[in-house]
Structure formats: C-alpha cells, structure tokens
Protein chains: 2
Amino acid sequence: MPSSEGTSKKLNCFTCQRRERNEWCVLSDEELKMLDRGRVTKEYMPGEVIFHEGDACRGVYCLEVGLVGVRKSNADGNSILLHLNNPGDTMGYRALLAGEEYRASGEALEPSRVCLIDAATVRTLLTHNPALGLRYLTRVSQNLGSAEEKILHNATFSVRARFAHLLTVLVDRYAESKDESPVEFELPLSRHDLASMIGTTPESMSRTIAKMEQDGIATFSGRRVSIPLLETLVQEFEPEHFI
Amino acid sequence: MPSSEGTSKKLNCFTCQRRERNEWCVLSDEELKMLDRGRVTKEYMPGEVIFHEGDACRGVYCLEVGLVGVRKSNADGNSILLHLNNPGDTMGYRALLAGEEYRASGEALEPSRVCLIDAATVRTLLTHNPALGLRYLTRVSQNLGSAEEKILHNATFSVRARFAHLLTVLVDRYAESKDESPVEFELPLSRHDLASMIGTTPESMSRTIAKMEQDGIATFSGRRVSIPLLETLVQEFEPEHFI
DNA sequence: CGGCACGTTGATCAATGTCAAGCAGTGTGG
DNA sequence: CCACACTGCTTGACATTGATCAACGTGCCG
C-alpha cells in the first residue's frame with residue numbers, strides 16, 4: 001500500500017501531512033527547510049530492519065506510511081516487542097537524546113515509508129530552537145511514565161490480564177469505531193508478535209486466546225477479532241472490587 | 001545520621017556539595033539564587049512519604065542525605081520498588097517534565113534530608129536556561145533506556161537471575177570496594193523491599209537467597225552479604241554459552 | 001508477658017514455559 | 001498437477017517456577 005495519499009511528485013517536509021502530529025510542528029519555515037535538507041526517505045518491506053540494536057545512532061526516523069515494530073532482545077535470543085509505531089510517529093530519538101547507541105531495533109511490519117533525519121541536523125535544530133527540546137522533554141518523560149507503568153503491569157498481572165489490556169490498546173488504535181457492539185477489527189500482528197508484546201510465548205498466547213473465546217470475551221478468526229462487549233474485556237485487568 | 005558534613009549553620013544551594021552531581025551544575029550564580037529561593041528543606045524518618053502517587057506535582061526533590069525508595073503500586077495493593085535514590089539524586093522531575101501527576105511515591109528508607117524545589121521555579125529555570133532542559137533531556141532519555149531494559153529483563157529472566165543482577169547493582173553502589181574478594185557489604189533494603197525490586201514475593205526471595213547460599217554464590221547474614229567471587233554472580237544472568 | 005514486624009520454612013497449587021506433534025495454508029520445483 | 005518443504009498456529013503432555021497459605025522462630029518494644 002505505497003503512497004495512498006502522496007501522488008505528490010516531490011515529497012518533502014513542508015507538504016508532509018504527518019508533521020502536525022509530531023514534534024516538528026514547532027519548527028519555523030526556516031527550520032523546516034533545514035529539516036528537509038537533512039532528510040533521506042526510504043521504503044521498507046515487512047521484515048526489513050530500519051535500525052538495529054547496538055548500531056550507532058544515525059538520527060531520528062519519521063514514519064510516513066506503514067507500521068513499524070520496535071523490538072529489543074537479550075543475549076539468549078529472547079525478544080520482546082516494545083512499541084508499535086504508526087504514521088506520524090518518530091523513532092530513534094531516545095538514543096539520540098541520550099547520546100547512546102540504539103538499544104532496540106525497528107522493523108517494518110507492513111510496507112512502510114520512513115524518513116531519516118540526520119543526527120547532526122536534529123542536534124542543530126535542538127540547540128537552535130529550545131521549544132523543540134522542551135517538546136521532546138515532555139514526550140520522553142511521558143514515555144518513561146508508560147515504561148514504568150509497564151514494568152509494574154508485567155510484574156503484577158497475569159498473561160491473560162496483560163493480553164486483555166493489550167487488546168484494548170489495539171482497539172483504541174486500530175478499530176474503526178469502538179462505540180458499536182460488537183467491536184470488530186483486524187489485528188496488525190501475528191500471534192508470535194502478540195506474545196512478544198506481553199512477554200510470553202506463542203503457545204501461551206494461543207491458549208489464552210482459546211480460553212478467552214470459551215469465556216465469551218472475544219472471538220478470533222485469524223487476525224480478525226470481534227469483541228461483544230468492551231466492558232467485559234476491561235474487567236479482565238481492572239478488578240472492580242467495590243463491594 | 002543527620003547532617004554528617006553540614007555543620008553549616010545555614011544550608012543553601014550554593015554550599016550544597018551534591019550540586020556537582022546533578023542537573024543544577026549548569027546553573028549560573030544568578031540562577032542558583034533563584035533555585036535557592038524556591039527551596040524548602042525537610043527531614044524525613046524511615047517510612048515517611050515524601051511525595052505520593054497521584055498527587056499533583058509540587059516540584060523537584062533533591063536528596064541531600066539519606067536513602068529514598070521510589071515505589072509504584074496498582075489497584076490490588078501490589079507494589080514494586082522502581083528506584084533507589086542516593087544523596088545528590090533528584091526525584092519527581094519526570095512528573096514535572098511530562099506535565100503529569102506523580103505516578104510513583106517517594107519514601108524515606110533511611111533518615112533523610114530532602115530539598116523541594118518549587119515547580120514554578122524549575123519551570124522558570126527551564127525556559128531561562130536551555131542547557132538545563134538539554135541536561136534533563138539526556139537524563140530522562142537514559143532513564144527511559146534503563147526502564148526498557150528492565151522490561152526485557154523482567155520478561156525473560158528468572159527470579160534468581162534478576163536477584164543476581166540486582167545484587168551486582170547494589171555492590172556497585174554500596175560496597176566500599178568491589179576489587180577485593182570476598183566482596184562484603186551491607187544491603188540497604190529489607191527482604192521485603194529486595195523482593196519488590198525484582199517483582200517477586202518475600203517468600204520467593206527468601207528461598208532464592210537460601211538456594212544461592214547453598215550454591216556458594218554468596219552468604220547472607222541479616223543484611224550483611226559476602227560474595228566470594230563476583231564473577232560467579234555475574235554468570236547467573238550472563239550466560240556464557242560460547243562453546 | 002503479649003503483641004508485632006520480620007524472616008524463614010513447609011506444603012500445596014496454579015500459571016506458565018518447554019518439548020513435541022500435527023494441521024492448514026502457501027509457495028516451489030519437478 | 002503433485003510432492004515437498006516451510007511457516008504460522010494450535011494442541012497435548014509434562015516439568016518447572018513461583019505464588020499462596022499457614023506455621024513458627026526471633027528480636028524488639030510497649
């Protein structure tokens with residue numbers, strides 16, 4: 001699904017629709033010009049790696065079209081899927097801002113178009129426009145909050161509760177409407193990737209799904225999900241022990 | 001152990017020894033004056049809460065003396081210990097920078113002296129001195145890296161491996177010297193808190209400790225630990241499967 | 001003394017990982 | 001077109017981990 005909107009012969013940061021949704025929205029025209037000069041756009045097919053854990057930071061990646069998964073793995077070959085990035089999202093900024101190497105890998109999960117903004121350019125923009133830094137400061141601080149939330153979540157919830165939670169997040173992001181019942185939508189992930197998002201195995205994932213179907217929480221057919229009542233799903237991880 | 005060094009009759013940000021070790025080191029004299037005006041110092045006994053999860057952010061806390069644990073808990077009453085803060089460390093900046101409420105609580109684990117820098121003051125300093133913002137940007141980005149590391153770590157390692165890892169971290173921070181064998185030092189935490197740092201129960205903690213003693217990894221007597229060989233401890237979480 | 005927090009230990013059980021097999025769908029080469 | 005391999009998913013059997021519940025010892029403090 002390349003270039004659904006961009007029949008634009010010349011793609012650039014000025015005409016980029018996504019810009020309103022990310023940090024670059026604070027840039028002046030002058031700075032946008034600089035951003036555009038520091039940009040290299042590339043297309044990736046599913047499975048292709050955009051940046052790799054351990055690599056020196058090349059800059060900030062800006063997703064224009066597609067879906068990108070951010071993975072992190074340890075020495076034993078285990079890995080987890082930390083984030084899903086949608087069009088408009090930026091990636092790789094953590095490494096740049098921390099002055100480190102990438103500590104996770106970015107991999108296209110759908111055909112994607114990604115712009116790389118050169119590290120030197122981003123650094124120049126950061127010193128040039130303090131508002132950009134503050135913007136990132138807010139963003140990274142919120143990310144840190146979410147990450148710490150996730151640590152607690154993983155430590156104290158069961159696989160089933162974590163999956164229920166993940167499902168509601170996916171509904172929020174990928175379902176057309178979450179107001180009608182049943183809510184139906186297409187999972188953007190394989191079973192394996194679903195499992196690695198909640199830190200479990202594909203086998204446990206499969207069993208959890210089967211059990212939740214039995215309990216009438218949701219029905220699964222391939223990647224198609226139907227949830228009769230969102231409320232029941234939410235109760236899986238929000239115990240309403242108000243007696 | 002109050003005021004081990006500060007027989008200074010008048011405690012302030014200029015004479016504060018800790019300042020060199022945190023973000024405030026980038027401030028000018030003028031700005032330091034502002035910092036000092038926005039400061040309120042308070043002492044806490046073990047168990048006392050310094051800031052509380054869910055509270056509106058009052059500012060940034062600066063630990064001068066003592067030890068503070070940062071806890072996060074969920075609706076069911078489970079909780080984990082996210083960080084340990086030592087003199088010179090600052091706390092609560094995540095909430096301020098994200099523009100959120102505190103999402104964790106700070107609790108004195110030892111008698112502590114803590115300065116609170118008023119939120120408005122910090123915000124003024126941030127807009128006034130971009131270097132401070134960049135400093136925090138680096139800091140928070142590194143924290144985010146550690147948090148994501150921890151997510152992977154918790155998801156893929158056993159309780160024993162996680163505890164071994166925690167022990168090496170504690171050795172780094174609290175042992176006099178880690179070059180002599182055996183390494184000996186005093187744990188700054190109760191069994192319960194050790195457990196909540198790696199997301200397990202005190203019972204499992206106890207058993208893990210017992211088993212590691214049997215295996216000759218370390219000996220425990222109350223809070224006193226002795227580690228014959230650091231290398232063997234490290235191997236508990238760094239499998240050297242180079243065959 | 002009695003109560004209480006802390007730590008340990010035992011017994012038990014549920015949750016989850018591991019290993020192995022099988023099945024459906026898909027593409028490939030003969 | 002078929003045989004084959006391959007991948008993703010599911011299922012079963014089993015082992016292991018770790019949580020839970022309960023009991024008990026120890027030291028501390030009123």
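Basis for what follows: all heavy atoms, side chains included, without hydrogens, waters or symmetry-related copies. The structure presented is a predicted model; accordingly, all values stated were derived computationally and were not measured. Numbered from 1 within each chain, the chains take letters A, B, ... in sequence-line order.
- Taking atom CZ of residue B/Arg223 and atom P of nucleotide C/dC6, one finds them 9 Å apart after rounding to whole Å.
- Expressed to the nearest 0.5 Å, how far OG1 of B/Thr200 lies from CZ of B/Arg207 amounts to 10.0 Å.
- Classification of B/Glu149 and A/Lys72 as a salt-bridged pair holds, one side-chain N sitting under 4.0 Å from a carboxylate O.
- In this structure, B/Leu189 atom CG and C/dA5 atom P are separated by 20 Å, rounded to whole Å.
- Atoms CD (B/Gln214) and C1' (C/dT8) sit 13 Å apart, rounded to a whole Å.
- When the nucleotides C/dT9, D/dA19, C/dT16 are ranked by their closest atom to the side chain of B/Thr201, D/dA19 comes out on top.
- Note: CZ (A/Phe157) to C1' (C/dA15) measures 16 Å, nearest angstrom.
- Distances shown here put a side-chain N or O of B/Ser206 below 4.0 Å from the OP1 or OP2 atom of C/dT8.
- Distances from the side chain of A/Glu203 to the nucleotides C/dG7, C/dC19, D/dG18 place C/dC19 closest.
- With distances taken from any side-chain atom of A/Ala210 to the nucleotides C/dG7, D/dT11, C/dT16, the minimum falls on D/dT11.
- Projected onto DNA chain C by closest heavy-atom contact, B/Ile209 and A/Lys211 fall at different nucleotides, the more 5' of which corresponds to B/Ile209.
- For A/Lys150 and B/Glu148, the salt-bridge test fails: no basic side-chain N is under 4.0 Å from an acidic carboxylate O.
- For the pair A/Asn78 CG and C/dT16 C1', the interatomic distance rounds to 14 Å; values are reported in whole Å.
- Rounded to whole Å, atom P of C/dT8 lies 4 Å from atom CZ of B/Arg191.
- The side chain of A/Ser158 places no N or O atom within less than 4.0 Å of a non-bridging phosphate oxygen (OP1 or OP2) of C/dA15.
- Checking each of A/Arg160, A/His165, A/Arg162 against A/Glu236 for a side chain to side chain donor-acceptor pair (under 3.5 Å) leaves exactly one that passes, namely A/Arg160.
- Centroid-to-centroid, the aromatic rings of B/Phe51 and B/Tyr61 come within less than 6.0 Å.
- One can place CZ of A/Phe220 at 13 Å from P of D/dC9, the figure rounded to the nearest angstrom.
- As judged by a 4.0 angstrom heavy-atom cut-off over every strand, B/Arg207 is placed among the base-contacting residues.
- A close approach under 4.0 Å does not occur between any side-chain nitrogen or oxygen of A/Thr200 and OP1 or OP2 of C/dT16.
- Atom CG of B/Asn154 is separated from atom P of D/dT17 by 18 Å (rounded to the nearest Å).
- For A/His192, the listed nucleotide lying nearest its side chain is D/dC9; candidates were D/dC9, D/dG18, C/dT16.
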